[in-house]
Amino acid sequence: MAQASAHGQGQQHPIRLYLVVWIWLFALSACSYFVDYFQFEGLLRYSLILLFMMLKAGLIMAVFMHMAWERLSLVYAILVPISAVLVFVAIMVLESDYTLLSRLSFFGPGT
C-alpha cells in the first residue's frame with residue numbers, strides 16, 4: 001500500500017519556475033521579433049535569430065522536458081549526437097565552399 005502511494009506522488013516543481021521560464025521565452029521571442037522589426041541584415045540578423053532560437057530550445061529542453069533533473073548520462077545521450085551533427089554540418093559547409101571555389105577556378109565562372 002505504501003508503495004502505491006509513493007508511486008502516485010511524483011516530483012513537483014514550483015509553479016514559479018514555470019512562470020519564470022514562460023516570461024523568458026516571451027522575452028526571447030520578442031527579441032527575435034525585434035531583429036526583424038529593426039531590419040537587421042546579413043550575418044548579424046541570422047546570428048541573432050539562431051542565438052535566440054537556441055536559447056529558447058535550451059530552456060524548453062531543460063525545464064519542460066525535465067532535462068535539468070535527469071542523469072548526466074541521459075543528457076550526454078541527447079546532447080552529444082546533436083553536437084556531432086552540428087559539427088558535421090559545419091564540415092560539409094566548409095567542404096562545399098572549397099568545392100565551389102575549385103570548380104570556379106578550374107572551369108571558370110560561366111559553368
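Note that the structure is predicted; figures quoted are calculated from it, not measured. Hydrogens, waters and symmetry mates play no part in the numbers below; they use all other heavy atoms, side chains included.
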Pairwise distance CZ(Phe38) to OH(Tyr33) - rounded to 0.5 angstrom: 9.5 Å
Which atom of Leu59 lies closest to which atom of Trp24, heavy atoms considered: CD1-CB, 3.7 Å
Contacts of type side-chain contact (heavy atoms from CB on, under 4.5 Å), residue Ile60, not counting sequence neighbours: Leu25, Phe64
Gap between atom OG of Ser32 and atom CG of Leu50 - 0.5 Å precision: 9.5 Å
Shortest non-hydrogen contact from Trp69 toward Val63: CZ3-O, 3.6 Å
Within residues 74-92 or reaching into it, pairs that qualify as salt bridge (Lys or Arg N to Asp or Glu O under 4.0 Å) - sequence neighbours excluded: none
Members sharing Ile23's hydrophobic cluster (side chains within less than 4.5 Å): none
Qualifying residues under side-chain contact (heavy atoms from CB on, under 4.5 Å), relative to Met65, sequence neighbours excluded: Met61, Met67
Transitive ILVMFWY side-chain link Phe34 to Leu48, under 4.5 Å: yes
Pairs meeting criterion salt bridge (Lys or Arg N to Asp or Glu O under 4.0 Å) with involvement of residues 65-75, two or more places apart: none
Atom CE of Met53: over 12 foreign heavy atoms under 6.0 Å: yes
Linked, directly or transitively: Leu55 and Val75 (ILVMFWY side chains, under 4.5 Å): no
Any pair counted as salt bridge (Lys or Arg N to Asp or Glu O under 4.0 Å), so long as it reaches residues 25-39, sequence neighbours left out: Asp36-Arg45
By side-chain hydrogen bond (donor to acceptor under 3.5 Å, both in side chains) - contacts of Ser29 (at least two apart): Lys56
Enumerate donor-acceptor pairs with a distance under 3.5 Å from any side-chain N or O in residues 77-102 to protein atoms, sequence neighbours excluded.
unit_1: Ser83; atom_1: OG; unit_2: Leu79; atom_2: O; d: 2.8
unit_1: Ser96; atom_1: OG; unit_2: Met92; atom_2: O; d: 3.4
unit_1: Ser96; atom_1: OG; unit_2: Val93; atom_2: O; d: 2.7
unit_1: Thr99; atom_1: OG1; unit_2: Glu95; atom_2: O; d: 2.9
unit_1: Ser102; atom_1: OG; unit_2: Tyr98; atom_2: O; d: 3.3
unit_1: Ser102; atom_1: OG; unit_2: Thr99; atom_2: O; d: 2.9

Val21 reachable from Met54 in the ILVMFWY side-chain graph, under 4.5 Å edges: no
Residues that, via side-chain heavy atoms closer than 4.5 angstrom, fall in one hydrophobic cluster with Leu74: none
Residues clustering with Phe26 (ILVMFWY side chains joined when closer than 4.5 Å, directly or via others): none
